[in-house]
Amino acid sequence: MKNPLKKLFDDTKPLFTGNGKYKKYEPVWDATKTFFFLPSPKNTVMPFIRDHLDVKRYMSFVILALLPVTLFGIYNTGYQAAMATGQSASFFSCFFSGLWTVLPLIVVTYAVGFFWEFLFAIIRGHKISEGLLVSGLLFPLTLPPTIPLWQVALGISFGIVIGKEIFGGTGRNILNPALTGRAFLFFSYPVSMSGDIWIAADKMVDGITGATALAVNGTGGQAIGSALSSQGFSMGKLFLGLVPGSVGETSALCCLIGAAILIVTRIANWRIITGGILGLVMTSLLVFLIPGGKETWANAGPLYHLFAGGFLFGITFMATDPVSAPGTNPGRWIYGILIGFLTVTIRVANPAFMEGVMLAILFMNVFAPLLDYLVIKFTASKRIPNV
Amino acid sequence: MEKLRLSRGFTPKLEGLPDSSVIRLPSGKTIGLCAEDIPYIRPKLLVKEGQQVQVGTPMFTDKRDNTIQYVSPAAGRVKEIRFGARRRLLEVVVAPDETDAFVFFDPIQGDRLRDLPKADLASHLKQGGLWQALRQFPAKDTADPDHFPAMIIVSLNGNDIFSPHPALVLQDRVADFQTGLSLLERFSHRIVVSARHSSLKALEQIPEVKDRITHVTPDTYPAWHPGAVLYRLKQDASDNTSWCVSLDHLLMIGRFLNTGRYPVERMVTLTQAGDSRPHLLTRQGAPVSRLTSHIDKNSIITTGQFNGRQVPADGHLGFFETTVNILQVQDDEEMFGFARPGLNKTSVSSTFLSALFKKPSPVDATLHGELRACINCSYCQRICPNDMMPNFIMKALLADEIEEALSLGLLDCCQCGLCSFTCPSKIELAPILWDGIQSHHKDKA
């Protein structure tokens, strides 16, 4: 028996292709169809056998690697709200109240993102690329749970249109689209993106501010480490992620699980992640050894720098976006190390931008083609000429 | 024997390894001389339909150099001359008769092979229809007899993973092998004979051959391709114009010089998923339909899974071809194909469960996806045996930056096809690179 869904696509095909009535909307129809039925046309040129990996599966694996982060982020959003309002914090109530907060962010992002993607595909007559599936999940995970939905819509619009579509779509963008959208919100609506906004609760009990670990500073000679633990940011809590912060960034553990999935399946390049961690550890050790600044993040040491804030999330899921990262191995090492270096530098040197990783990655995105250029020139000069 | 290393490359777990027995196939009703597998040729026909030919009668020549003859592998009547689009010559088909009459050439052996001037040797081979077996890097055009190559590479293994086993091809042909090598020694001081590691054990049973092997390559595809061997051996730019010749052609040259007859025997393998077939001893130009009793309608026939050409069901094996693959075409769009666990899906990445098992997976001749823009994932860089960056070269070529592409090593490409194989965006990298090499070569000529 023929698959009824397949029949539906076969029946509607004349409407959307050739001289069909809705020919304009072919990209939309095609994207829907290929989501359900993977196309696999016959090879007519060598090589006649091909790898089964395609961009759809490639991007699906990023989504898969994001699942632990997403699910934990949903739970943590509910948990933080329950803690802040002094309610009971059973697992299910936390998860569902978190879902109630986070799901709208994800739904709005995908809806608006697909609107732009479809619009550009229809006007320019190209196929819809799978990159949006990843950008559309990454973007809400970088936002505070309290952000108004209209800002979510505006942010993803900027990210997709300016960050990606005006360059020609997935594969041709210079910057990571999700981070471009976040940077837009960060600078346009600072009130929604910084300060005590990281807990989605109406009324908070006394002593809870809803700030992130990166906003903490020791006061009156208190060292940064003890200041952090006295305000509830113990190393264990930061590692597990039961702290306020952007939806997806808080859990170092879940980010590391995601990194492991991406590295084992060879979807993300391990050099970027390793280089990033290396750069961060080395730089934070260096500023740790410089005397003074005992109360500030300069003195926090590598582990706090690693587990607090969005560094692991950024280096695992944002920096490894192959399109905006360098395409050569030495370039990837430099890129990763400099992201780690810049993250710590921004955190330490400029308290106005507490979260340095977003700016570090965007900055290095811009430099990725230059890194590639230098590496390619160098490797080409090492080859035995053959012209 | 020197061991060559290959840090990249990839051997997919494929079904269809031929077994090591040999059966002799009776010749078919037709024998073809194919023009499609000959790179760069601009053929000029020398025969007409209905004309009688002998083994060794020139059938067409190359307009670029009309001393090069492509000769008939059978005696009989020219049954049909097939043309493709824009009257491009596809093949000349002969209906063979029983006589097996042949054109006789002088045998050249021993002292004469050592003393005859090089130019005479070359023109002898050209008349005999065998000079074109020698190919010159980097574009793999017919060798230029006036050029003195830094080395001549004889790869004992063929283009495909399942090409004929050299020990079986060499059986009882040691004399031809030695004569062939003596000829090559007249043209270059350095003769490189390379063999796959897995072929070595059986080759050691033939001491005369074993002593001549200079390099052993790993079993990872495409380490034994002449282009990959050259890339590993070359020291400076003068090595770029080395020559190469396949084992099969070396033996043909040897036999031609020993007997004065154009040799028509050829060992081929036929591979099919889920099947392990014997090696087939047949004729050059045998019709592919004779090689197997049944070809499924949903399949294509190729002469190399990675870098062969597609042969129509009524086509014939070409001068350069020793492997026939029958590949299934699953004409089916898999539901949620991108989200399946994939126990039987071949991939370089580990995104399918098949990565956990050693079992070979069946392959089919479909794309498994759709064309997308390059996402810079570098899978092609990671797999290229000759340390190229196919993604950057592809972009340079598409932007018409030929100098840039050349400086990135375009001409080191050995046409193994792995970059196209692995690309998740399904970009036809190998043909784009090959077109770049060809157009550069044509511009230079």
Side-chain angles (χ1 to χ4, degrees), chain A residues 3 5-6 30 33-61 126-127 129-131 168-172 264-267 269 321-329 332 368 372 376-377 379-381 383-387, chain B residues 12 138 234-237 240 300 302 304-310 325 327 329-330 333-339 342 345-352 363 365-370 372-378 381 389 391-392 406-409 411-412 417 420-422 424-426 428 430-431:
Chain A
N3 188 325
L5 202 58
K6 179 117 182 159
D30 183 76
K33 177 174 178 257
T34 55
F35 176 80
F36 288 106
F37 296 100
L38 186 75
S40 196
K42 190 162 126 183
N43 294 327
T44 51
V45 292
M46 57 87 58
F48 294 98
I49 57 175
R50 301 297 173 99
D51 198 302
H52 273 85
L53 178 70
D54 71 333
V55 176
K56 269 198 181 57
R57 192 166 182 94
Y58 194 97
M59 297 299 177
S60 310
F61 263 76
H126 65 64
K127 299 214 173 199
S129 181
E130 290 76 13
T170 304
R172 303 185 175 100
V264 166
T265 54
R266 296 175 104 191
I267 293 299
N269 202 300
D321 165 21
V323 179
S324 53
T328 52
N329 286 340
R332 291 191 179 103
D372 273 346
I376 287 171
K377 282 283 163 242
T379 50
S381 74
R383 293 186 82 89
I384 297 168
N386 192 352
V387 288
Chain B
K234 76 176 182 182
Q235 304 282 333
D236 61 65
N240 286 329
I300 62 167
T302 67
Q305 300 172 83
F306 282 104
N307 59 357
R309 74 180 165 115
Q310 192 179 335
N325 318 101
L327 298 171
V329 181
Q330 300 285 355
E333 298 181 335
E334 207 179 8
M335 193 167 185
F336 294 119
F338 71 96
K345 292 183 168 175
T346 309
S347 178
V348 181
S349 70
S350 313
T351 54
F352 297 94
V363 288
T366 65
L367 198 56
H368 311 302
E370 279 185 300
R372 289 287 182 266
C374 172
I375 55 168
N376 214 12
C377 64
S378 309
Q381 283 179 37
M389 303 180 189
N391 49 349
F392 289 108
L406 290 173
S407 75
L408 293 177
L411 297 184
D412 286 336
S420 286
F421 169 79
T422 192
S425 292
K426 310 295 172 190
E428 305 289 357

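Naming convention: chains lettered A, B, ... in sequence-line order (proteins, then strands); numbering from 1 in each chain.
- Note on A:Gly171, A:Pro41, A:Ser324, A:Ser129: by heavy-atom pairs under 4.5 Å with chain B, the leading option is A:Pro41.
- When all heavy atoms are compared, the tightest approach of B:Lys234 to A:Ile384 is O-CD1, 3.3 Å.
- Ranking B:Ser349, B:Pro12, B:Ala237 against chain A, the residue ahead of the rest is B:Ser349, based on heavy-atom pairs under 4.5 Å.
- Using a 4.5 Å cut-off between heavy atoms, A:Thr328 contacts chain B through both its backbone and its side chain.
- Top candidate by heavy-atom pairs under 4.5 Å with chain A, chosen from B:Gln310, B:Glu370, B:Gln235, is B:Glu370.
- Note: A:Gly327 leads A:Gly327, A:Gly131, A:Pro326, A:Gly169 in heavy-atom pairs under 4.5 Å with chain B.
- In terms of heavy-atom pairs under 4.5 Å with chain B, the best-connected choice from A:Leu38, A:Val323, A:Asn386 is A:Asn386.
- For a residue to count as touching a neighbouring chain, one of its non-hydrogen atoms must lie under 4.5 Å from one of that chain's; by this rule A:Asp372 touches chain B with the side chain only.
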Go through it in stages, so that I can follow the logic: the residues are B:Asp412 and A:Arg383, the test is salt bridge (charged side-chain N to carboxylate O under 4.0 Å, His left out), and I'd like the CA-CA distance, side-chain angles, deciding distance and then a yes or no.
CA-CA 10 Å; B:Asp412 286 336; A:Arg383 293 186 82 89; 2.9 Å; yes
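- When atom types are taken as modelled, the side chain of A:Arg57 and the backbone of B:Thr351 share a donor-acceptor pair closer than 3.5 angstrom.
- Heavy atoms closer than 4.5 Å to chain A are found in the side chain of B:Leu327, but not in its backbone.
- Counting heavy atoms from C-beta on, the side chains of A:Lys56 and B:His368 never come closer than 4.5 Å.
- A donor-acceptor pair under 3.5 Å is absent between the side-chain atoms of B:Ser350 and the main chain of A:Thr265, judged by distance alone.
- Proximity to chain A (any heavy atom under 4.5 Å) is shown, for B:Cys377, by both the backbone and the side chain.
- Taking all atoms of both residues into account, the shortest heavy-atom contact from A:Val55 to B:Ser425 is CG2-OG, 3.5 Å.
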Pair B:Leu408, A:Ile376 - check side-chain contact (heavy atoms from CB on, under 4.5 Å), show working.
CA-CA 8 Å; B:Leu408 293 177; A:Ile376 287 171; 3.1 Å; yes
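- The side-chain tip of B:Arg309 does not point at the ring of A:Phe48 from less than 6.0 angstrom away and within 45° of straight on.
- For NZ of A:Lys6, the number of neighbouring non-hydrogen atoms (other residues, nucleotides, ligands) closer than 6.0 Å is greater than 12.
- Heavy-atom distances place the side chain of A:Leu5, and not its backbone, under 4.5 Å from chain B.
- Looking only at side-chain heavy atoms (C-beta outward), B:Lys345 and A:Asp51 stay at 4.5 Å or farther from each other.
- For chain B, the nearby part of A:Ser60 is the side chain; its heavy atoms alone come within less than 4.5 Å.
- In terms of heavy-atom pairs under 4.5 Å with chain B, the best-connected choice from A:Val45, A:Leu53, A:Thr34 is A:Leu53.
- For B:Asn376 against A:Ala325, the heavy-atom pair with the smallest separation is ND2-O, 3.5 Å.
- The greatest number of non-hydrogen atom pairs below 4.5 Å with chain A, out of B:Asn307, B:Leu411, B:Thr422, is found for B:Leu411.
- Of the atoms belonging to B:Gln305, heavy atoms from both backbone and side chain fall under 4.5 Å from chain A.
- Proximity to chain A is limited to the side chain of B:Val363, based on heavy atoms less than 4.5 angstrom apart.
- A:Lys127 touches chain B through its side chain: at least one heavy atom from C-beta onward sits under 4.5 Å away, while N, CA, C and O do not.
- Listed options A:Met59, A:Glu130, A:His126, A:Lys33 were ranked by heavy-atom pairs under 4.5 angstrom with chain B; first place goes to A:Glu130.
- Of the listed residues B:Gly417, B:Ala365, B:Pro138, the one with more heavy-atom pairs under 4.5 angstrom with chain A than any other is B:Ala365.
- Across B:Thr302, B:Asn391, B:Asn325, the residue that shares the most heavy-atom pairs under 4.5 angstrom with chain A is B:Thr302.
- Residues B:Leu367 and A:Lys42 are not in side-chain contact: their nearest non-hydrogen atoms beyond the backbone lie 4.5 Å or more apart.
- Here the side chain of B:Glu428 pairs no donor or acceptor atom with the backbone of A:Pro47 at under 3.5 angstrom.
- Looking at A:Phe36, the atoms closer than 4.5 Å to chain B (heavy atoms on both sides) sit in the backbone and in the side chain alike.
- Between B:Ile375 and A:Pro322 the shortest heavy-atom distance is O-CB, 3.2 Å.
- Residues A:Met46 and B:Pro431 form a side-chain contact, since some pair of their non-hydrogen atoms from C-beta on lies under 4.5 Å apart.
- Within the 4.5 angstrom heavy-atom criterion, atoms from both the backbone and the side chain of B:Phe352 approach chain A.
- Separation of atoms NE2 (A:His52) and OG1 (B:Thr346) is listed at 6.5 Å; rounding is to 0.5 Å.
- Inspection of the B:Ser378 and A:Arg332 side chains reveals an N or O donor paired with an N or O acceptor under 3.5 Å.
- For the pair A:Asp54 (side chain) and B:Lys426 (backbone), a donor-acceptor distance under 3.5 Å is absent.
- A:Ile49 contributes atom CD1, which lies 5.5 Å from atom CZ of B:Phe421 (distance to the nearest 0.5 angstrom).
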